[in-house]
Structures are given as C-alpha cells and as structure tokens.
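Here's the structure we're looking at; comments come further down.
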Number of protein chains: 2
Amino acid sequence: MTTPQDRQDRQDRQDRQDGHDPRRPGGSPARTERQRARRRRILDAATRLASAGGFDAVQMREVAETSGVALGTLYRYFPSKIHLLVAVLHDQLEQLRANLRDRPLPEPDPAARLAHTLRRAFRAHQRDPRLAEAMMRALLFADRSAREEVRGVFRLTTAILLDASNLAGEEIPGRLSTVRVIQHTWHAALVSWLSGQITLEQAQADIETVCRLLTVPAPPD
Amino acid sequence: MTTPQDRQDRQDRQDRQDGHDPRRPGGSPARTERQRARRRRILDAATRLASAGGFDAVQMREVAETSGVALGTLYRYFPSKIHLLVAVLHDQLEQLRANLRDRPLPEPDPAARLAHTLRRAFRAHQRDPRLAEAMMRALLFADRSAREEVRGVFRLTTAILLDASNLAGEEIPGRLSTVRVIQHTWHAALVSWLSGQITLEQAQADIETVCRLLTVPAPPD
DNA sequence: TTTCCAAGTAGAACAAGTTCTGATATGGGT
DNA sequence: ACCCATATCAGAACTTGTTCTACTTGGAAA
C-alpha cells in the first residue's frame, strides 16, 4: 500500500533534484580533469550500449562497469537513467550542430532549408535507430525531475532549427511557437516511426507538412 | 551482464505479444460477463490511482489488490503497465467522444472548430493533470509491444479530430498527415506542460499554431 | 607535511515491474 | 452429472533502477 506520505516523500526528493544537487559534480562543470574524463567515459559507454540494444540495453550496472566507475558514482554524475540518456542526446546534438555549422544550405526558402536539415537528421537516426529510440524515449518520458536537462535539449534543438531556417532576426520572436511545434512534430514523428506506428514515408510526410507552417504568417503571439 | 541472447529472448517475447496473445482474454472481447466486469474494475482502479498520484502511483500490485484480482490475472488482461495505461486512455477517449458527439460547434471555420475542441480537451486534462500525466507518459513511452493498442488510440483520436473539423469527405485523404501532425503536437504540448517545460499559455499557443495548418492547402500526399 | 572533507569504491539492500509455480475454480461440451 | 481446458488465485522469485552503508582516496587548506 502506497500511502500519501510516501508520495509526498517522493515529491520532496524530486524537488530537491530539480535545481542543483550540490553533491553532484555534474551540476557545476567538472573541477578536475579526471572528472571530465569520467563523465566522458560514462556518456560513451551509455551511447555504445544504447546503440547496440536500445533503451532496455542501457542498464545502469553495465554502464557503470563498462565505464569503470562505481554504481554510486554513476548516480552522482547522472541522478537517473533518464538524466543519463537525455545527456547522451544533448551530447549528440552538440556534435550534430558542429557538423552543420560550416555548411550553408543551398535552398533559398526557409521552409525548404528546414525540411532539408530535418531530413538529414532523420537519416542519421535511421542509421542508428536503437540509439535514437533510447534517447527519444528518455526525452519524452522525462518528468519534472529532469526539467532542466530537457530544457537544455530543447534550447539546443531550437538553436539548430533557427540556424537552419536562418530567419531574419526580427522574425524570430513571433516564431517561437512555430519552432516548438516543429520540434514536437520532429520528436513525435521519430518515436512513432521507431515504435512501428507509422511508416518512414508517413514520418517524412509529417515533417514536410509541419515545415509548411513557416509559410503561413507568424501569429501575433 | 546482458548477453545478446537475452536481448533476442526479449525480442521474441515482444514479437509474440505484438499480435494477439491467444492466452489473453482482452484480445478477443470478453467471453463471459464476469470477465467484462473484471476488466472494468481494473480500468477503474487504474484510473483512480492515476488520478490520485500520476504514473508512479499506478502500481501493479495495488491495481490488482484494489480491483480484487490476482496479480497474474491483471497481467493476463494487460501485459504491462504501459498497456494498462494506454487502455485507460482509450477508455477516456471513448467517453470524450460520446460527450462530444451530440453538440455541434458554432464556429464556421474548420481550424477554429478544431482549436475549440482541443482547448476543451485541454481543460479536461487541466482538471485532472495527474491522470493526464499517467496516460500521456504511457502513450509516449510505449514500444513496439504495445503497437496495436497505441494504434487504437491514434485511430480514435483521429476520428475525434475529423469529427470536430468536419472537413468535407473528399478532403480527408490528403489531410491525414496534417491530422497526424496536429495529434502529435497535441500530445507533445500536453506532456511538455505537464512536465513543466512550457507554460499553459505556450501550450495553448502551440495548439493554435498547429491548427493553422488547416488553412494551408493540403499537400499532394 | 598533516589534516580533513568531498569524491569515489564495493557491495548490500530496497522498490516496483514482471514472470513463474502449484493449487483451485469455472464453464462449456459430452 | 462429469470432464477438461482454461481462467484465476496466492504467493514466491526474478530483474533492474535506485538508495544506502561503511570504507578508502585524492587533493586543497592550514
């Protein structure tokens, strides 16, 4: 029997994790070089496991063992499996952004450029569907306790999308809702495809469809 | 250590559940009256628990106990917590649809009617945010093993949205991608709000935004 | 250098989803 | 009324995410 008190305790614990757990070296950037290296090893191990077997194959004990770190330490760096996988996603997005940064797209139309970028990202995930599945399910399953980490992913994705569409500066504020919708659609299309709900063609059609939103005037906001 | 064989086994098990597990009375509609009643009791218990404490509070042992059913039986009816909560969602949608059926909306414009319906549904979830959280997280977290159940929810939602927009019949085929995008946005906006990523205003803005898609011509498909 | 504390380690313990076992009950066909 | 397949039951067992405990270590401050 779960009592209301139990639930209150759980909530307290989450609230405490909400901000920065002062005990977590991940909170403020790693003080020492070995800490940076540990964090890197953990992310790499998680990525490798996810890539090989998807969400279920990323088992905390195995991540710890593979990256040569005690289980308690793993949890000090990433307070849950969800946090860990969201961090993996953030890591991958940073690499993607670096890749995209120095190659401007040929298309003249913002919507077309955006669609192009998203298609490219989709293909990357097609190549490693299990990794994509692990990251996306973690992102969508995340609750309030991972709010900040999820927000970080959203910020980064938004930046990538704005880079790609390359809208004029003053247009951007009114477009934020549109960008969120595109981002949501992107995630949803990806998971729906990964979990066998829709075909590849449907997923790509949905992405094209939502990119049309850029062709309708921005809402007043 | 998780061996490749373990993962293969897990995959096999999922594949078997993919279609209809012949042992599951939920597969074909309940043979006996008591089975229908059991299923009903389980759904009600799960709904009540979810409503009180969200996803985490729906604990299988407690659902079983509350609904007066053995744990094994619960798993015979719903092969996982995810299946159970997706079934709860399906159940709620059926009720929503019945509620909506006999009250045509005043707005002349399809996009406006759709936005109106979604706003109403959003308010319903605002009233019971924990239930919404439980159902939505289950829906988005579902993997291939719950494919059919998730598909059922998508079909039902699509039917509700098409009812609401009341598009002319011949327009519909070309609109399916649009409806999917709207649905995805609807889900994503809801979870994002529930998990504290965006404000209520942003969620509603996103829904309005995506409804504009109806005002742009249907893609060739 | 010595001291001290946060960070790390090994491993047990706990929690909740899921599976398994062996016994019992139920309902449809003979 | 009897038989059998199948449904249900109570409860143990197993899995994996998470927490806890007791001990050790690295490195900065006195």
Side-chain angles (χ1 to χ4, degrees), chain A residues 1-3 6-7 9-10 12-14 16-17 21-28 30-39 41-42 46 49 53 55-65 67-85 138 141 143 145-146, chain B residues 1-3 6-7 9-10 12-14 16-17 21-28 30-39 41-42 46 49 53 55-65 67-85 138 141 143 145-146:
Chain A
M1 171 71 190
T2 302
T3 67
D6 287 344
R7 278 196 289 281
D9 289 349
R10 191 148 47 231
D12 286 350
R13 221 173 308 132
Q14 285 188 1
R16 233 180 297 124
Q17 288 177 358
D21 183 338
R23 288 172 314 162
R24 185 155 55 99
S28 39
R31 327 187 173 294
T32 123
E33 197 49 44
R34 308 181 49 174
Q35 288 187 328
R36 178 189 324 288
R38 265 195 209 96
R39 191 184 145 91
R41 284 206 310 279
I42 293 172
L49 286 169
F55 187 89
D56 289 341
V58 181
Q59 300 190 358
M60 298 303 269
R61 284 175 235 267
E62 201 168 341
V63 172
E65 192 173 342
S67 53
V69 136
L71 191 52
T73 305
L74 171 53
Y75 274 94
R76 187 188 286 274
Y77 280 73
F78 301 97
S80 80
K81 177 170 172 173
I82 297 296
H83 286 78
L84 172 57
L85 284 172
F141 191 65
D143 66 357
S145 73
Chain B
M1 172 69 190
T2 301
T3 68
D6 287 342
R7 278 198 288 281
D9 289 349
R10 193 150 45 232
D12 287 351
R13 223 174 306 132
Q14 285 187 0
R16 233 181 294 125
Q17 290 176 358
D21 184 339
R23 287 171 313 161
R24 184 156 55 101
S28 39
R31 326 185 177 297
T32 122
E33 196 49 43
R34 308 182 49 180
Q35 287 186 329
R36 177 190 326 288
R38 260 193 212 98
R39 190 183 144 92
R41 283 206 309 279
I42 294 172
L49 286 170
F55 187 89
D56 289 340
V58 181
Q59 300 190 356
M60 298 304 269
R61 284 175 237 265
E62 200 169 344
V63 171
E65 192 174 340
S67 54
V69 135
L71 191 55
T73 305
L74 171 53
Y75 273 95
R76 187 188 285 272
Y77 279 73
F78 301 97
S80 80
K81 176 171 173 172
I82 297 295
H83 286 78
L84 172 56
L85 284 173
F141 191 65
D143 66 356
S145 74

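Computed from a predicted model, the values in this text were never measured in an experiment. Chain A is the first sequence line, chain B the second, and so forth, proteins listed ahead of strands; every chain is numbered from 1.
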If you check every side-chain atom of [X], which of [options] has the closest atom?
{"X": "A:L71", "options": "C:dG8, D:dT18, D:dA7", "value": "D:dT18"}
{"X": "B:R76", "options": "D:dT8, D:dG17, C:dG17", "value": "D:dT8"}
{"X": "A:V69", "options": "C:dT9, D:dA7, D:dC9", "value": "C:dT9"}
{"X": "B:R38", "options": "C:dT9, D:dT18, D:dT8", "value": "D:dT8"}

Nearest-Å distance, [atom1] ([X]) to [atom2] ([N])?
{"X": "A:L49", "N": "D:dG17", "atom1": "CG", "atom2": "P", "value": "11 Å"}
{"X": "A:Q59", "N": "D:dT16", "atom1": "CD", "atom2": "P", "value": "4 Å"}
{"X": "A:H83", "N": "D:dG17", "atom1": "NE2", "atom2": "P", "value": "16 Å"}
{"X": "A:E65", "N": "C:dG11", "atom1": "CD", "atom2": "P", "value": "11 Å"}
{"X": "A:Y75", "N": "C:dG11", "atom1": "OH", "atom2": "P", "value": "18 Å"}
{"X": "B:L74", "N": "C:dC20", "atom1": "CG", "atom2": "P", "value": "16 Å"}

Heavy-atom nearest nucleotide on DNA chain C taken for A:R61 and for A:A70; more 5' hit belongs to A:A70
Scan B:V63 against the nucleic acid and name what it touches under 4.0 Å (heavy atoms): base, sugar-phosphate only, or nothing.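 No contact.
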State, to the nearest 10°, the angle formed by the axis through the first five base pairs of the helix from C:dT1-D:dA30 to C:dT30-D:dA1 and the axis through its last five.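 Here the helix ends are tilted 10° relative to one another.
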Just the table, please: protein N/O against nucleotides 28-30 of chain D N/O, every pair under 3.5 Å.
none

Review item, nucleotides 25-30 of chain C N/O atoms under 3.5 Å of protein N/O:
| residue | atom | partner | partner atom | Å |
| --- | --- | --- | --- | --- |
| C:dG27 | OP1 | B:R34 | NH1 | 3.4 |

Results of ring pair (Phe, Tyr, Trp, His ring centres under 6.0 Å) for B:F141 - residues two or more places apart only: A:F55, A:F141
Contact nearer the 5' end of DNA chain D, comparing B:G68 with A:K81: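 Comparing both residues, the 5'-ward one is B:G68.
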If the condition is side-chain contact (heavy atoms from CB on, under 4.5 Å), which residues does B:R41 pass it with, not counting sequence neighbours? B:A37, B:R38, B:S67, B:V69
With sequence neighbours left out, what residues match B:S80 under side-chain hydrogen bond (donor to acceptor under 3.5 Å, both in side chains)? B:H83
